[in-house]
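Worksheet for the structure shown next.
Worth knowing before you read on, the calculation uses all heavy atoms, side chains too, and leaves out hydrogens, waters and symmetry mates. Lettering of chains follows the sequences in order, A, B, ..., and the numbering in each one begins at 1.
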Amino acid sequence: MRYSGLKVITEGLFGNKGWTPAWRDPAPKAEYDVIIIGGGGHGLSTAYYLAKNHGITNVAVLEKGYLGGGNVGRNTTIVRANYFLPGNSEFYSHSMKLWEGLESELNYNVMHSQRGLINLFHSDGQRDAFVRRGNAMINQGDDAILLDRDGVREMLPYLDFDNTRFPIYGGLLHPRGGSARHDAVAWGYARGADQRGVDLIQNCEVTGIDIENGVVRGVQTTRGAMRAKKVGIVVAGRSSQVAAMAGMRLPIESHILQAFVTEGLKPVIHHVISFGMGHFYISQSDKGGLVFGGDLDFYASYAARGNLPMVEHVMEAGMTLMPMIGRAKVLRSWGGIMDMSPDGSPVIDKTHIDGLFIDCGWNYGGFKAVPASGWCMAHLMATGEPHEVARKFRLDRFATGHLLDEEGTGSQHNLH
Amino acid sequence: MRLTCPLCGERDRREFYYYGAEDYLHRPAEGAPLAEWDNYLHLRDNPAGVTKDLWYHEAGCSQWLLVTRNTVTHEVLGAEMVAGRAK
């Protein structure tokens with residue numbers, strides 16, 4: 001079924017009786033060409049592009065819970081392409097271009113809103129770093145505008161510009177940055193993959209990966225064994241556990257990142273604002289809630305909920321930046337399980353097992369990467385070669401020293 | 001979350017600095033192969049469940065602690081001082 005405005009109107013006139021489920025609920029087959037473990041944003045987009053770009057449609061996506069029930073449903077929905085390291089820059093640029101065509105591509109309203117992202121700076125040194133970052137973004141073909149203090153004040157008059165500790169000197173505006181409706185991205189890719197013949201199998205937990213003589217043969221699941229020529233592990237938040245089924249130890253430590261949302265308010269924050277010095281960022285959802293978050297709780301955790309010290313820190317940072325939000329009531333908070341890699345960058349690569357591939361290590365930046373991650377993982381699994389824009393996301397780069405340390409803080413788990 | 005320091009008793013999580021997994025206690029010998037260093041610095045079991053990791057009692061007694069805790073429930077099961085423990 002094709003969705004359109006006309007369809008919404010006619011269905012509304014005739015009792016909404018003509019809608020059909022967005023995807024099938026197929027029984028697992030005994031054999032597939034490709035099995036993707038993980039029905040989140042990255043797994044679903046991988047399946048979609050395997051079918052769309054490479055014509056590989058005998059594919060199953062195995063999800064232990066329900067589609068989009070993991071990190072793709074637990075993030076703060078920021079979409080941006082403001083990286084500067086070669087290796088990251090071209091990848092996120094590619095992802096941004098895919099975002100810009102995503103709704104017509106999927107025939108699904110993902111509510112992609114390019115409202116502009118502003119990174120604030122508070123010192124001359126930080127300004128220099130942002131000039132450099134902006135130039136790197138422009139060199140990549142993306143957009144960046146340096147705002148001085150008055151320029152920021154014109155757009156964000158409600159900030160505390162004269163804060164004693166962090167006076168606002170200006171900001172780097174990324175006009176194409178913004179946000180999207182997170183669940184819709186997962187659902188849109190799921191529907192698109194299903195329409196192309198991909199089997200989306202929910203409540204199906206992988207319990208083992210079958211390997212014979214260094215070649216992957218299939219998987220064991222709670223819904224029976226399935227054979228496959230190729231298997232992709234796309235399970236951010238549980239990467240270490242699934243990789244361990246293939247005897248692998250990953251360069252990943254799982255951490256918790258909390259986020260918060262207030263009650264619905266009238267439009268007040270029109271951009272995505274990041275206040276790096278306070279580890280704070282904020283935007284307003286289309287429902288009106290202020291969506292904001294901070295830094296990791298900074299200890300290994302799979303609890304999907306955080307502790308109070310970081311809650312307090314985030315609230316303090318928010319009040320420091322924009323005292324007006326003290327009037328809003330926080331409605332709820334939650335935590336996501338972050339695959340933290342030592343250098344803060346992800347992995348899309350082959351493994352030492354023939355036919356077994358892995359897409360993991362998205363740290364706290366996985367949402368904006370959903371389109372390009374699927375695009376590149378599908379390319380890798382279909383052709384056996386890394387995609388040009390993801391060629392540096394190697395699994396062995398920590399051993400070889402080819403790091404992608406965007407923050408420049410070092411290659412150690414507790415530094416990102 | 002509160003950790004029980006062997007010297008100071010039960011203390012707020014904010015007094016402690018988290019360093020990382022127990023792996024950091026097993027530093028390879030000088031001249032060890034690169035793979036061993038990669039294993040020590042980067043690769044982790046990263047268990048969902050009981051784990052042991054290193055915490056520094058920064059705002060307390062300045063001891064390094066090896067804490068046993070559950071990463072799924074945040075339950076803290078014990079802590080011992082790294083200094084003087086049997087290898």
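- Note: A:Phe275 and A:Phe280 have perpendicular aromatic rings, judged against thresholds of 30 and 60 degrees for the angle between ring planes.
- Closest approach of A:Leu356 to A:Ala246, counting heavy atoms only: CD2-CB, 3.5 Å.
- Only the backbone of A:Asp297 has a heavy atom closer than 4.5 Å to any heavy atom of chain B.
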>> Under the criterion salt bridge (charged side-chain N to carboxylate O under 4.0 Å, His left out), I'd like the reasoning laid out for B:Glu58 against B:Arg14: C-alpha separation, chi angles, the key distance, then a yes or no.
In response: CA-CA 9 Å; B:Glu58 191 172 25; B:Arg14 279 172 285 197; over 6 Å; no
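- Here the closest heavy-atom approach between residue A:Val72 and residue A:Ala186 is recorded as CG1-CB, 3.9 Å.
- Both the backbone and the side chain of B:Leu43 come within contact range of chain A, with heavy atoms under 4.5 Å apart.
- Heavy atoms only, all atoms of each residue included: B:Met1 and B:Val76 are closest at CG-CG2, 4.0 Å.
- Taking B:Phe16, B:Tyr17, B:Tyr19 one by one and counting their heavy-atom pairs under 4.5 Å with chain A, the maximum is reached by B:Tyr19.
- The contact list for residues 393-404 of chain A toward chain B, using heavy atoms and a distance under 4.5 Å, reads A:Phe398, A:Ala399 by residue number.
- Aromatic ring centres of B:Tyr18 and A:Phe298 lie farther apart than the 6.0 Å criterion allows.
- Ranked by non-hydrogen atom pairs under 4.5 Å with chain B, the options A:Ala244, A:Ala304, A:Ser411, A:Ala300 are led by A:Ala300.
- For B:Arg13, the part lying under 4.5 angstrom from a heavy atom of chain A is the side chain only.
- Both the backbone and the side chain of A:Glu253 come within contact range of chain B, judged by heavy atoms closer than 4.5 Å.
- The minimum heavy-atom distance between A:Ile252 and B:Arg44, with the atom names listed, is O-CB, 3.5 Å.
- Heavy atoms of A:His313 lying under 4.5 Å from chain B are absent altogether.
- Heavy-atom distances place the backbone of A:Leu250, and not its side chain, under 4.5 Å from chain B.
- Proximity to chain A at a heavy-atom threshold of 4.5 Å picks out B:Asp38 from residues 25-38 of chain B, in numerical order.
- For the residue pair A:Asp359 / A:Ser373, a side-chain donor-acceptor distance below 3.5 Å is found, with atom types taken as modelled.
- For a residue to count as touching a neighbouring chain, one of its non-hydrogen atoms must lie under 4.5 Å from one of that chain's; by this rule B:Asn70 does not touch chain A.
- Between the side chains of A:Asn363 and A:Ser341, at least one donor N or O lies within less than 3.5 Å of an accepting N or O.
- Neither the backbone nor the side chain of A:Ser239 has a heavy atom closer than 4.5 Å to any heavy atom of chain B.
- For B:Thr71 and A:Tyr302, the side-chain atoms include no donor-acceptor pair closer than 3.5 Å.
- Taking the six-membered ring for Trp, B:His57 and B:Trp64 have ring centres at least 6.0 Å apart.
- One N or O on the side chain of A:Glu63 and one on the backbone of A:Gly39 form a donor-acceptor pair closer than 3.5 Å.
- For A:Thr320 (side chain) and A:Glu316 (main-chain N/O), a donor-acceptor pair under 3.5 Å exists by modelled atom type.
- Inspection of the A:Ser301 and A:His255 side chains reveals no N or O donor paired with an N or O acceptor under 3.5 Å.
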